[in-house]
Amino acid sequence: MGERDEPLPASREEADAATRAASEARITAWARKMADRVPTAWLVSGAGAVLLASTAAFGGLADVPVPKPPKLHAGEHYVGSDLDMSVVSAAIGGEVRGTGLSPAAGQRTLVVVLDVTNEFSKPRSASAKDVLKGVTVKDVAVQGFSADRTVDGSSASFLQPGVATRVRISWLVDADDVAPGDEIQVLLPDSTHFVGELFTRGDYWADIRTGAYVTVGVDELPAEDEVTS
């Protein structure tokens with residue numbers, strides 16, 4: 001009993017476990033060393049690829065619910081495409097003074113009046129599809145386009161930042177499509193603002209879509225607003 005006890009020999013399982021642990025430690029150290037040499041952007045994109053690959057194995061990423069455009073009435077405000085918009089009224093008539101539109105046989109002029117404020121920090125072109133030209137009418141084929149300020153009849157070429165403006169938008173429509181007493185749904189645009197950095201420069205709006213439906217009654221346009229022959 002006075003002699004020192006000799007260590008018992010390790011079992012095969014314990015020896016294998018020790019070998020694997022040493023091997024994993026060497027691999028982990030090597031991986032950390034190599035990761036330090038890889039650019040961060042590569043790591044981010046690589047992680048994204050791994051994420052997509054792993055989620056694909058389980059059916060992919062879940063779809064994010066897209067909210068339906070709200071249904072509004074005249075006088076209610078909608079903010080979309082960096083614009084605050086409110087439909088005021090709608091009317092139909094013949095050839096309307098100041099629009100530059102000339103109805104052909106079987107056509108009339110549909111006029112929608114709305115208040116709009118450009119909430120972006122720079123002027124916006126009214127004729128852009130993400131601005132006033134993006135306003136249209138559901139289930140009605142409109143032709144032509146005219147936008148002018150009701151205060152003085154001048155063309156609404158640009159909307160200045162933060163300036164509330166009442167505008168008149170006009171189109172040509174088939175006389176059978178819209179009549180006084182009807183209700184129409186005016187579609188207000190929404191879009192996504194981007195800042196170009198590579199192939200495009202400056203601010204632009206894309207992914208143009210319907211932002212809101214506005215129900216409004218259609219009146220007969222006053223005779224004094226029409227061109228008389």
* To do: Check the pair S191 / S81 against side chain to side chain donor-acceptor pair (under 3.5 Å), numbers first and verdict last.
  => CA-CA 5 Å; S191 58; S81 200; 2.6 Å; yes

* Asked: Any donor-acceptor pair under 3.5 Å linking the side chain of R149 with the backbone of S155?
  ->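 Yes, R149 side chain to S155 backbone: donor-acceptor pair under 3.5 Å.
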
* Does N118 use its side chain to pair, donor to acceptor, with the backbone of F120 at less than 3.5 Å? ->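 Yes.
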
Hey, what do you get for [atom1] ([X]) to [atom2] ([Y]), rounding to the nearest 0.5 Å?
X    : Y    : atom1 : atom2 : value
Q107 : L172 : CD    : CG    : 5.0 Å
T192 : D207 : OG1   : CG    : 4.5 Å
E119 : D84  : CD    : CG    : 5.0 Å
T165 : L83  : OG1   : CG    : 10.5 Å

Looking only at heavy atoms, what is the nearest atom pair of [X] and [Y], with distance?
X    : Y    : result
P70  : G211 : CD-O, 3.1 Å
A212 : L72  : CB-CD1, 4.1 Å
E76  : H73  : OE1-N, 2.6 Å
Y213 : P69  : CE1-CB, 3.6 Å

I want to check something: taking the side chain as every heavy atom from C-beta on, are [X] and [Y] in contact at a cut-off of under 4.5 Å?
X    : Y    : value
F194 : W205 : no
I169 : V111 : no
V218 : E220 : no
L188 : T210 : no
P189 : M85  : yes
V137 : L187 : no
V216 : V186 : yes
P161 : P123 : yes

* Pair D130 + R124, salt bridge at N-O below 4.0 Å ->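 So D130 pairs with R124 through a salt bridge.
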
* Asked: side chain to side chain contact (heavy atoms under 4.5 Å, CB included) between V142 and T136: does it pass, once the steps are laid out?
  -> CA-CA 8 Å; V142 297; T136 187; 3.8 Å; yes

Without placing hydrogens or testing angles, list every side-chain donor-acceptor pair under 3.5 Å for residues 86-103, not counting sequence neighbours.
from: S86; atom 1: OG; to: G75; atom 2: O; distance (Å): 3.4
from: R97; atom 1: NH1; to: E224; atom 2: O; distance (Å): 2.4
from: R97; atom 1: NH2; to: E226; atom 2: O; distance (Å): 3.0
from: T99; atom 1: OG1; to: V96; atom 2: O; distance (Å): 2.9
from: T99; atom 1: OG1; to: L101; atom 2: N; distance (Å): 3.2

* Test item: side-chain donor near acceptor, D82 and H193, under 3.5 Å ->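 Checked: D82/H193 side chains show no N/O donor-acceptor pair below 3.5 Å.
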
* **F145-V131 co-clustered via ILVMFWY side chain contacts under 4.5 Å** =>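 Yes.
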
* In sequence, state the C-alpha distance, the side-chain angles, and the governing distance for V195 and Y204, and then conclude on side chain to side chain contact (heavy atoms under 4.5 Å, CB included). => CA-CA 6 Å; V195 178; Y204 68 97; over 6 Å; no

* Would you sort out whether L132 and V167 count as a side chain to side chain contact (heavy atoms under 4.5 Å, CB included), showing the intermediate values? => CA-CA 9 Å; L132 295 186; V167 298; 4.1 Å; yes

* Asked: Given D219 and L221, is the side chain to side chain contact (heavy atoms under 4.5 Å, CB included) satisfied, shown in steps?
  -> CA-CA 6 Å; D219 299 321; L221 199 72; over 6 Å; no

